[in-house]
Chemist: 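Pasting a structure here, questions to come.
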Amino acid sequence: MLQQTRVQAVIPYYDRFLARYPNIQTLAATKLEDVLHAWQGLGFYARARHLHQTAQLIRDQYSGQFPSTYKEIIQLPGIGKYTAAAILSIAFGQPYPVMDGNVMRVMARLYGISTDIRLPKTEKQIEIKLHQIFSSKQASAFNQGMMELGALICLPKQPKCDECPLNAECQAFQSGKQLELPNRSKNPQPIIVNRIIILIRREDEVLIHLRKDKGLLASMWEFPGVEASLKTVADKFEEVYGFKVRSGKKLFDSEHVFTHRHWKMRVYQGNIDQGIKLNESEFRWVTIQNLEKYPIPNAFKVIVDYCRKEIIP
């Protein structure tokens, strides 16, 4: 939950999630749609899908007991080197150093490493240094201490160097370069994607669609939309959803920025032929009151708010 999300923002989600899914067996037995709904608002929904898949694998292949070797843990969905090391050191006391963003920032400043921190060679250099100072007998305390140092003291923009227990050894602090390090190249700009969203109504109900692909927002519910111009939207709808749509007046513009995508959405009202038979596993007519029961991404929050305000049952 903490991936690109502040601790204070995560706490209420974390508490609700654990109350709802107190153990692996409960989580594994739950429908993915319900897990995504509980995750709603945190973004990066692949994390929730991986968490659900991992719970089912642990239930089915490990008799409900979390594995305790690096070889086993690294193969679980969504778990990389950093997460595996954190689990093994903190939960099992095994000697694996954690190298997350906070730790890399501490190490880059501590040793005055000035090459781009995004480069593999820089990561390898930091990893070697980290292994040299790592306390294998106190793996959990060492890793948690380094992560906390980065989270609370060695901050990205306003490091509290005067409070840091490592300031006497820190090359960046001693040379006055703590604000210059780590050297991080800029994130690439998100790709702009222009989408036309059609709000399809039937009295006090709206049509939503389940995204079944494996890409962005998979297994979430959406308001149907396509990448097309207004002239080609009907044909594109037929290609993507299997039916044509008649678009009406424009309602408003909306946009949402993902990590690598920037959706610019033009929202129109529209309708489809009443005789069209929709696959109920992919499409639902939902009343405004029941929209909250479905995992709908924050990308569509403006549309949901519009429905609640303008569509009166």
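Since we're looking at a predicted model, the values are computed, not measured.
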Chemist: Check the orientation of Phe243 and Phe237. Use parallel for under 30°, tilted for 30 to 60°, and perpendicular for over 60°.
Modeler: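 Plane angle between 30° and 60°, so tilted.
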Chemist: Test your reading of the model: is there a side-chain donor-acceptor pair from Arg261 to the backbone of Val193, 3.5 Å cut-off?
Modeler: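 Not a single qualifying donor-acceptor pair exists.
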Chemist: Nearest 0.5 Å, please: how far is OG in Ser63 from CD1 in Ile58?
Modeler: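 Ile58 CD1 to Ser63 OG: 11.5 Å, rounded to 0.5 Å.
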Chemist: Looking only at heavy atoms, which two atoms of Pro295 and Met220 are closest? And how far apart?
Modeler: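 For Pro295 and Met220, the tightest heavy-atom pair comes out as O-CE, 3.6 Å.
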Chemist: Do Ser281 and Lys212 have side chains that approach each other closer than 4.5 Å (heavy atoms only, starting at C-beta)?
Modeler: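 Ser281 vs Lys212: side chains touch.
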Chemist: Taking the six-membered ring for Trp, is the centroid-to-centroid distance between His260 and Phe258 below 6.0 Å?
Modeler: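 No, they do not, as the ring centres are separated by 6.0 Å or more.
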Chemist: Side chains of Pro297 and Glu222, heavy atoms from C-beta outward: is any pair under 4.5 Å?
Modeler: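 No. Closest side-chain heavy atoms not under 4.5 Å.
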Chemist: To the nearest 0.5 Å, how far apart are CG in Leu149 and CE in Met107?
Modeler: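 If we round to the nearest 0.5 Å, Leu149:CG and Met107:CE are 11.0 Å apart.
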Chemist: With a 4.5 Å cut-off on side-chain heavy atoms, are His256 and Val302 touching?
Modeler: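 Answer no - side chains too far apart.
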Chemist: Considering all heavy atoms of both residues, which atom of Thr287 and which atom of Glu205 are nearest to each other, and what is their separation?
Modeler: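 Taking Thr287 first and Glu205 second, the nearest heavy atoms are CG2-CG, 3.9 Å.
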Chemist: Which of these passes side chain to side chain contact (heavy atoms under 4.5 Å, CB included) with Trp285: Leu278, Asn290, Val206?
Modeler: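 The passing option is Leu278.
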Chemist: Can you name the residues that form a side chain to side chain contact (heavy atoms under 4.5 Å, CB included) with Arg59, not counting sequence neighbours?
Modeler: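 Scan of Arg59 (side chain to side chain contact (heavy atoms under 4.5 Å, CB included), adjacent residues dropped) gives Ala28, Gln56.
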Chemist: CG of Leu179 to NZ of Lys157: how many Å apart, nearest 0.5 Å?
Modeler: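 Taking CG in Leu179 and NZ in Lys157, the distance rounds to 11.5 Å.
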Chemist: Could you go through residues 7-14 and list every donor-acceptor pair under 3.5 Å that involves a side-chain atom there, pairing it with any protein atom two or more places apart or in another chain?
Modeler:
none

Chemist: Are Ile126 and Leu119 linked, directly or through other ILVMFWY residues, by side chains that come within less than 4.5 angstrom of each other?
Modeler: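 No, because Ile126 and Leu119 fall into different hydrophobic clusters, even though each may have its own neighbours under 4.5 Å.
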Chemist: What do you reckon, is CD of Gln132 surrounded by more than 12 foreign heavy atoms closer than 6.0 Å?
Modeler: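 Enclosed.
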Chemist: Please round to the nearest 0.5 Å and tell me the distance separating atom CG of Leu76 and atom OG1 of Thr54.
Modeler: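 If we round to the nearest 0.5 Å, Leu76:CG and Thr54:OG1 are 5.0 Å apart.
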Chemist: For a 4.5 angstrom cut-off between non-hydrogen side-chain atoms, does Lys264 reach Asp253?
Modeler: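 Heavy-atom side-chain distance check fails, nothing below 4.5 Å.
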Chemist: Using 0.5 Å steps for rounding, measure from the CD1 atom of Ile133 to the CE atom of Met146.
Modeler: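 If we round to the nearest 0.5 Å, Ile133:CD1 and Met146:CE are 5.0 Å apart.
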Chemist: If you look only at pairs with a residue in residues 165-210, which of them pass as a ring pair (Phe, Tyr, Trp, His ring centres under 6.0 Å), with sequence neighbours excluded?
Modeler: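 Every ring pair (Phe, Tyr, Trp, His ring centres under 6.0 Å) pair that includes a residue of residues 165-210, provided the two are not neighbours, is His209-Tyr241, His209-Phe283.
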Chemist: Check whether any side-chain heavy atom of Glu72 lies under 4.5 Å from a side-chain heavy atom of Tyr62, and answer yes or no.
Modeler: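 They are in side-chain contact.
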Chemist: Could you tabulate the donor-acceptor pairs under 3.5 Å formed by side-chain atoms of residues 80-92, not counting sequence neighbours?
Modeler:
{"residue": "Ser89", "atom": "OG", "partner": "Ala85", "partner atom": "O", "Å": "2.8"}
{"residue": "Ser89", "atom": "OG", "partner": "Ala86", "partner atom": "O", "Å": "3.3"}
{"residue": "Ser89", "atom": "OG", "partner": "Asn143", "partner atom": "ND2", "Å": "2.9"}

Chemist: Show me the side-chain donor-acceptor pairs of residues 159-168 shorter than 3.5 Å, one per line, residues at least two apart or across chains.
Modeler:
{"residue": "Asn167", "atom": "ND2", "partner": "Cys161", "partner atom": "O", "Å": "3.0"}
{"residue": "Asn167", "atom": "ND2", "partner": "Cys164", "partner atom": "O", "Å": "3.2"}

Chemist: Please say whether more than 12 non-hydrogen atoms of neighbouring residues, nucleotides or ligands are located less than 6.0 Å from CD in Gln138.
Modeler: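 Counting neighbours around CD of Gln138, 12 or fewer heavy atoms of other residues, nucleotides or ligands fall under 6.0 Å, so no.
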Chemist: According to side chain to side chain donor-acceptor pair (under 3.5 Å), who are the partners of Ser247, at least two apart in sequence or on a separate chain?
Modeler: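 Expected list: none.
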Chemist: Report yes or no: do Ile196 and Leu207 belong to one cluster of Ile/Leu/Val/Met/Phe/Trp/Tyr joined by side chain heavy-atom distances under 4.5 Å?
Modeler: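 The answer is yes; both residues are in one hydrophobic cluster.
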Chemist: Using the side chain to side chain donor-acceptor pair (under 3.5 Å) criterion, which residues pair with Asp273? Sequence neighbours excluded.
Modeler: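 Asp273 satisfies side chain to side chain donor-acceptor pair (under 3.5 Å) with Arg246 once adjacent residues are dropped.
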Chemist: For the rings on Tyr21 and Phe17, is their centre-to-centre separation under 6.0 Å?
Modeler: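 Between Phe17 and Tyr21, which both carry aromatic rings, the centre distance is below 6.0 Å.
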Chemist: Considering all heavy atoms of both residues, which atom of Ala172 and which atom of Leu181 are nearest to each other, and what is their separation?
Modeler: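 Of all heavy-atom pairs spanning Ala172 and Leu181, the closest is CB-CD1, 4.0 Å.
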Chemist: If we ignore hydrogens and angles and just use 3.5 Å, is the side chain of His52 paired with the main-chain N or O of Lys31 as donor and acceptor?
Modeler: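 Checked: no pair found.
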Chemist: List in chain and number order the residues that pass salt bridge (charged side-chain N to carboxylate O under 4.0 Å, His left out) with Arg20, two or more places apart in sequence or in another chain; answer none if no residue qualifies.
Modeler: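 Arg20: no salt bridge (charged side-chain N to carboxylate O under 4.0 Å, His left out) contacts found.
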Chemist: Please evaluate residues Lys244 and Asp235 with respect to the criterion salt bridge (charged side-chain N to carboxylate O under 4.0 Å, His left out), reporting the C-alpha separation (whole Å), side-chain torsions for both, the decisive distance (0.1 Å), and the verdict.
Modeler: CA-CA 6 Å; Lys244 284 192 175 182; Asp235 291 336; 3.3 Å; yes
Chemist: What's the verdict on side-chain hydrogen bond (donor to acceptor under 3.5 Å, both in side chains) for Gln171 and Ser175, showing C-alpha distance, side-chain angles and the deciding distance?
Modeler: CA-CA 6 Å; Gln171 293 185 28; Ser175 62; over 6 Å; no
Chemist: Going hydrophobic residue to hydrophobic residue with side-chain gaps under 4.5 angstrom, can you get from Phe223 over to Ile200?
Modeler: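 Each belongs to a different hydrophobic cluster.
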Chemist: Taking side chain to side chain contact (heavy atoms under 4.5 Å, CB included) as the test, write out the residues that go with Arg284, two or more places apart.
Modeler: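 Applying side chain to side chain contact (heavy atoms under 4.5 Å, CB included) to Arg284 gives Ile208, Trp221, Val286, Tyr294.
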Chemist: Less than 4.5 Å apart, any side-chain heavy atom of Gln61 and any of Pro67?
Modeler: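 SC-SC contact between Gln61 and Pro67 ruled out.
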Chemist: With sequence neighbours left out, what residues match Asp305 under side chain to side chain contact (heavy atoms under 4.5 Å, CB included)?
Modeler: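 If we apply the side chain to side chain contact (heavy atoms under 4.5 Å, CB included) test to Asp305, skipping adjacent residues, the hits are Lys301, Arg308.
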Chemist: Work out which heavy atom in Pro190 is nearest to a heavy atom in Val257; give both atom names and the distance.
Modeler: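 Smallest interatomic distance, heavy atoms only, reads CG-CG1, 4.0 Å.
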Chemist: Quick one: closest heavy-atom pair of Met265 and Ala299, and the distance?
Modeler: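 So the minimum-distance heavy-atom pair works out to CE-O, 3.4 Å.
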Chemist: Please identify each residue that fulfils side chain to side chain donor-acceptor pair (under 3.5 Å) with Glu255, with sequence neighbours left out.
Modeler: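 For Glu255, the residues satisfying side chain to side chain donor-acceptor pair (under 3.5 Å) (neighbours in sequence not counted) are His262.
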Chemist: Would Leu42 and Arg47 satisfy side chain to side chain contact (heavy atoms under 4.5 Å, CB included), going step by step from the backbone distance to the final call?
Modeler: CA-CA 10 Å; Leu42 285 169; Arg47 296 175 296 171; 3.9 Å; yes
Chemist: As a quick check of understanding, evaluate side chain to side chain contact (heavy atoms under 4.5 Å, CB included) for Arg109 and Cys154, giving each step before the final call.
Modeler: CA-CA 9 Å; Arg109 286 173 173 164; Cys154 195; 3.1 Å; yes
Chemist: Quick check on the hydrophobic clustering: are Leu27 and Leu57 connected, directly or via other members, by side-chain heavy-atom contacts under 4.5 Å?
Modeler: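 Leu27 does not cluster with Leu57.
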Chemist: Excluding sequence neighbours, so at least two apart, what forms side chain to side chain donor-acceptor pair (under 3.5 Å) with Ser254?
Modeler: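 Testing Ser254 for side chain to side chain donor-acceptor pair (under 3.5 Å), a comparison that skips the adjacent residues, returns none.
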Chemist: What verdict does the side chain to side chain contact (heavy atoms under 4.5 Å, CB included) test give for Thr26 and Asn23, after you've listed the backbone C-alpha separation in whole Å, the side-chain angles of each residue and the deciding distance to 0.1 Å?
Modeler: CA-CA 6 Å; Thr26 305; Asn23 52 53; 2.7 Å; yes
Chemist: Do Ile296 and Val304 touch side chain to side chain, with heavy atoms closer than 4.5 Å?
Modeler: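 The answer is yes, as the side chains (C-beta and beyond) meet within the 4.5 Å cut-off.
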Chemist: Given the rule in the side chain to side chain contact (heavy atoms under 4.5 Å, CB included) test, do Phe300 and Ile197 qualify, once you have shown the distances and angles that lead to the verdict?
Modeler: CA-CA 10 Å; Phe300 300 110; Ile197 309 296; 4.2 Å; yes
Chemist: Any side-chain heavy atom of Gln178 within less than 4.5 Å of one from Cys170?
Modeler: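 Gln178 does not reach Cys170 side chain to side chain.
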Chemist: Val233 and Val267: same hydrophobic cluster, using ILVMFWY side-chain contacts below 4.5 Å?
Modeler: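 The answer is no; the residues belong to distinct hydrophobic clusters.
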Chemist: Please name the pair of heavy atoms, one in Arg184 and one in Asp116, separated by the smallest distance, quoted to 0.1 Å.
Modeler: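 Scanning both residues completely, I find the closest heavy atoms to be CA-OD1, 3.7 Å.
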